[in-house]
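Along the sequence shown, residues are numbered consecutively beginning with 1.
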Amino acid sequence: MNHIGRKLYHLLGGLSLLSAYYVLGRERALLLYGSLLVIVLVVDGARLLVPAWNRFIFDRFQSFVRKNEEHKLTGTWAYVLGVGLSLYLYSPGAAAAAICFLAFGDVAATTVGERYGRTRIGDKSLEGTAAFAVAALFSGFLLSLLGAPVEGWVIILGAITAAGVELLPIPLNDNLTIPVVSGGLMELAQRIAA
């Protein structure tokens, strides 16, 4: 399996950032996300400005970084910002579901797409997108069983939206767009239905 370290980092990072919200409370968690975003941007920016640091990162952490990120920011800034914005803008239930869609769905899409992806849609695969949708649905319903106040039809709507956003060839990093767009749609759906 390619980039297993990155996949674990993606999954556990999302769950850790989400857990921080419930452990620290809203204000402290949002402060943590803002601080992490600054740290990530400084460290990643320094990597781009200092060739020796860049080489060090790519030599030592090959499992966590993609070759195409050698001369651009990694997706970590977008991940932290996507989580933070979702928890700032939306109800905790909708935001938590959207973050789980990102954490579980994106890993499933990459894993299945790399191994079984045959039906290409741009640089993604139909098989990877289907795996994303299944993992997102699973994580959303599991979250609902654990007490998140999100109705089943809202989870289905959000999971399918998240899978579609991941598939689209938009210029923004999907670590940002997946939780913000799917969380926003779930929040809107909940408000309309209320």
Polar side-chain atom of Y21 near backbone of P92 as donor-acceptor pair, under 3.5 Å: no
Validation row: Y79, P179 side chains within 4.5 angstrom (heavy atoms): no
Set of residues satisfying side-chain hydrogen bond (donor to acceptor under 3.5 Å, both in side chains) with respect to S35, sequence neighbours excluded: none
Heavy-atom pair with the smallest gap, counting every atom of A159 and A133: CB-O, 4.4 Å
Polar contact flag, side-chain donor to acceptor under 3.5 angstrom, T76-Y9: yes
Any E69 side-chain heavy atom under 4.5 Å of L73 side chain: no
Approximate separation, where rounding is to 0.5 Å, of L81 CG and L37 CG: 5.5 Å
Criterion side-chain contact (heavy atoms from CB on, under 4.5 Å) on L176 and L85, from CA distance to verdict: CA-CA 9 Å; L176 173 61; L85 281 175; 4.0 Å; yes
Partners meeting side-chain hydrogen bond (donor to acceptor under 3.5 Å, both in side chains) with D174 (sequence neighbours left out): none
F56 and R47, any side-chain heavy atoms less than 4.5 Å apart: no
K124 (side chain) donor-acceptor with E166 (main chain) under 3.5 angstrom: yes
4.5 Å side-chain heavy-atom contact, S125 and T119: no
Polar side-chain atom of R120 near backbone of D123 as donor-acceptor pair, under 3.5 Å: yes
Least distance between heavy atoms, G140 atom then I155 atom: O-CD1, 3.2 Å
Test: E70 and R55 ion pair at under 4.0 Å: no
R118/E127 salt bridge by N-O under 4.0 Å criterion: no
Close side-chain approach of L17 and I99, heavy atoms under 4.5 Å: no
Flag side-chain contact, heavy atom, 4.5 Å: M186 against F101: yes
Working for side-chain contact (heavy atoms from CB on, under 4.5 Å), residues V43 and W53: CA-CA 10 Å; V43 170; W53 175 243; 4.0 Å; yes
Test item: N175 side-chain N/O and G75 main-chain N/O as donor-acceptor pair under 3.5 Å: yes
Side chains of V165 and S182 in contact at under 4.5 Å (non-hydrogen atoms): no
Given L15, T110, L102, the one that forms side-chain contact (heavy atoms from CB on, under 4.5 Å) with H10: L102
Closest non-hydrogen atom pair, L157 against T161: O-OG1, 2.8 Å
Validation row: Y33, L87 side chains within 4.5 angstrom (heavy atoms): yes
Minimum heavy-atom distance between L24 and A29, given as atom pair plus value: CB-N, 4.1 Å
Stepwise side-chain contact (heavy atoms from CB on, under 4.5 Å) check, F141 with I156: CA-CA 9 Å; F141 283 119; I156 293 169; 3.8 Å; yes
Sidechain-backbone polar pair: T111 side chain, V107 backbone, donor-acceptor under 3.5 Å: yes
